[in-house]
Visitor: 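First the structure, which I've put down as structure tokens, then a few questions once you've had a look.
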Amino acid sequence: MSNVFDGDSPTNLAEYSVSELSGSIKRTVETAFDQVRVRGEISGYRGPHSSGHAYFALKDDRARIDAVIWKGTFSRLKFRPEEGMEVIATGKVTTFPGSSKYQIVIETLEPAGAGALMALIEERKRKLGAEGLFDAARKKRLPFMPGVIGVVTSPTGAVIRDILHRISDRFPVHVLVWPVKVQGDGSGEEVANAIRGFNALEPSGAIPRPDVLIVARGGGSLEDLWSFNDEIVVRAAADSAIPLISAVGHETDWTLIDYAADVRAPTPTGAAEMAVPVKAELEAQAAALAARLQGCMNRQMDQRRQSVRALMRALPSLDQLLALPRRRFDEAAIGLGRGLELNTINKRRGFERVAGHLRPDVLSNRIAERRQTLNERMARAERMVERLIDRSKARVDRAEAILASLPARLKTRTDRGRERLGNLSRHADTAVRHQLTRARAELSAQDRVLQSLSYKNVLKRGYAVIRDEDNRPVSQAAHLSSGMGIAIEFADGRVGAMTTEGGAPPAGAKKRSAKPAEPPKQGSLF
């Protein structure tokens, strides 16, 4: 500290630098508030910074103080700070000279009583419930007889022994244990990762995928069970595709995972009882059902046997069944001989009736009629053939006449086509000559216009075109530099030249008059 007396200063006050004053205030505050406990509501919390430190503020209804939790302390906290949470913070008050602010460096953090924890749980319950994580429609039914059971719990507690013992007593199945911490820092993340890990297993993989999950923990205080109120655990339980049983604490203990789970068990032992049935009871039930089935089969067979016997008594005997067919057969055999005799007599009478009409004169008349009909048809056919031959001869004669006159017709048509082709050729020659004449006239007109616009006509009047080394026209002297080769194009050819600095014209050149020569006056026409 500098203590300088200035004779010109109006007072004798000591003079401090800014750093000295800030350091003095920092030492005074840290000495006066070495360890303090502050109760307030967390405000402005956005999670840990990328550096691992957490920055926020504590406030009440009248004041506010900045707070910081260093990275090492934050990893050891039993509770994670949350926005709006009322807490009791223990730490040191210090200042930040860079911005003239004071803050509390928190070393421990705890909720402000069980009432605050319950309020936080209720707030989180309302939030997650509004998202539909606790809806009954999302809950899945437990399998009746699972083949594999996954258990998420501590491997060293009595809970896992109770579950294994109860399952082995009721119905021994394959049990997979995912060891996790069920209390303290990081326990919530481990439980959530275990639930997701079981869901990520393949059904046909090396490690079988469980058919049902049990998340279990023994009883404890609200703070001991706090990990199962973490939002990450509740979301993992709600997203689980495997049916999940929550068995956290005793029957009177409730956590948020109980609302998200598919089934809530009062105790871990009760969860084991819910997961598997009793094998002895199933065997007894199966034996009772088998006995009932056998009894039903025996009674059914007795009833069917009695029914068959009753039907047999109602059926007639074999002699009674065959008596009527036998009688009919005998009657048919007796009537068969008479029937054959009568049929023969009827056939003979019919033949005699037909034989009376078969006389030789009748047959001769019919043959004569058929021969006459055949002759008439043959005559008609001969006449039709003669007419067809005459028609064919006429067609052949007409075809020969047409073929005989065909060369004359072809010659006439050829002469006409040649004459028409000559006319068309003369018309085409005339049209081509007219077209060439018009094209020559248009080309001459375009040439005259081109000649009138050509710069070479200007060169004939005494002008010249200056071109640079790339044969490009130069329109201004500023585009040329000293020592540059140029080409000067006249009307009758080109000459090369070299540029020089501007100045007086070279010696021997005639000095032009400053005043341009007046053009000769035009004489009078009168």
Visitor: Which pairs with one or both residues in residues 476-498 pass side-chain hydrogen bond (donor to acceptor under 3.5 Å, both in side chains), sequence neighbours excluded?
Guide: Tyr455-Glu489, Arg467-Glu489, Asn471-Arg494
Visitor: For Gly219, does its backbone N or O pair with a side-chain atom of Arg217 as donor and acceptor, under 3.5 Å?
Guide: yes
Visitor: Check whether the side chains of Asn199 and Ser240 place a donor and an acceptor atom closer than 3.5 Å, and report yes or no.
Guide: yes
Visitor: Go through the steps for Arg196 and Asn193 under the test side-chain contact (heavy atoms from CB on, under 4.5 Å), then give the verdict.
Guide: CA-CA 5 Å; Arg196 295 193 181 98; Asn193 292 334; 4.0 Å; yes
Visitor: Is a salt bridge present between Asp302 and Arg305, judged by a nitrogen-to-oxygen distance below 4.0 Å?
Guide: yes
Visitor: Among pairs that include at least one residue of residues 266-283, which meet side-chain hydrogen bond (donor to acceptor under 3.5 Å, both in side chains), considering only residues two or more places apart or in two chains?
Guide: Arg166-Glu273
Visitor: Considering residues at least two apart in sequence or located in another chain, which fulfil the side chain to side chain donor-acceptor pair (under 3.5 Å) criterion with Ser154?
Guide: Thr156
Visitor: Is there a donor-acceptor contact under 3.5 Å from the side chain of Asp211 to the main chain of Gly147?
Guide: yes
Visitor: OG of Ser227 to CD1 of Ile257: how many Å apart, nearest 0.5 Å?
Guide: 10.5 Å
Visitor: Do the side-chain N and O atoms of Gln435 and Arg438 include a donor-acceptor pair separated by under 3.5 angstrom?
Guide: yes
Visitor: Does any N or O in the side chain of Gln303 come within less than 3.5 Å of the main-chain N or O of Gln300, such that one atom is a donor and the other an acceptor?
Guide: no
Visitor: Is Glu231 salt-bridged to Arg235, going by a charged N under 4.0 Å from an acidic O?
Guide: yes
Visitor: Looking at Lys140 and Asp262, is any side-chain nitrogen of the basic one under 4.0 Å from a carboxylate oxygen of the acidic one?
Guide: yes
Visitor: Taking the side chain from Arg264 and the backbone from Ala247, do they hold a donor-acceptor pair closer than 3.5 Å?
Guide: no
Visitor: I'd like to know if the side chain of Asp468 and the backbone of Asp470 have a donor-acceptor N/O pair within less than 3.5 Å.
Guide: yes
Visitor: Does Ala261 offer a backbone N or O that forms a donor-acceptor pair with the side chain of Ser246 under 3.5 Å?
Guide: no
Visitor: From Arg304 CZ over to Gln306 CD, what is the distance, rounded to the nearest 0.5 angstrom?
Guide: 12.0 Å
Visitor: Determine, for Glu110 against Arg39, whether the closest basic-nitrogen to carboxylate-oxygen distance falls under 4.0 angstrom.
Guide: no
Visitor: With side-chain contact (heavy atoms from CB on, under 4.5 Å) as the criterion, how do Val87 and Leu58 come out once you've worked through the C-alpha distance, each side chain's angles and the decisive distance to 0.1 Å?
Guide: CA-CA 9 Å; Val87 296; Leu58 297 175; 4.0 Å; yes
Visitor: Measure the CZ-NE2 distance between Arg161 and His165 for me, rounded to the nearest 0.5 Å.
Guide: 12.0 Å
Visitor: If only atom types and distance count, is the side chain of Arg64 paired as donor or acceptor with the main-chain N or O of Asp60 below 3.5 Å?
Guide: no
Visitor: Within a reach of under 6.0 Å around CZ of Phe134, are more than 12 heavy atoms found that belong to other residues, nucleotides or ligands?
Guide: yes
Visitor: Can a donor-acceptor pair be found, under 3.5 Å and without considering hydrogens, that links the side chain of Asp258 to the backbone of Trp254?
Guide: no
Visitor: I'd like to know whether NZ of Lys92 has more than 12 heavy-atom contacts from other residues, nucleotides or ligands below 6.0 angstrom.
Guide: no
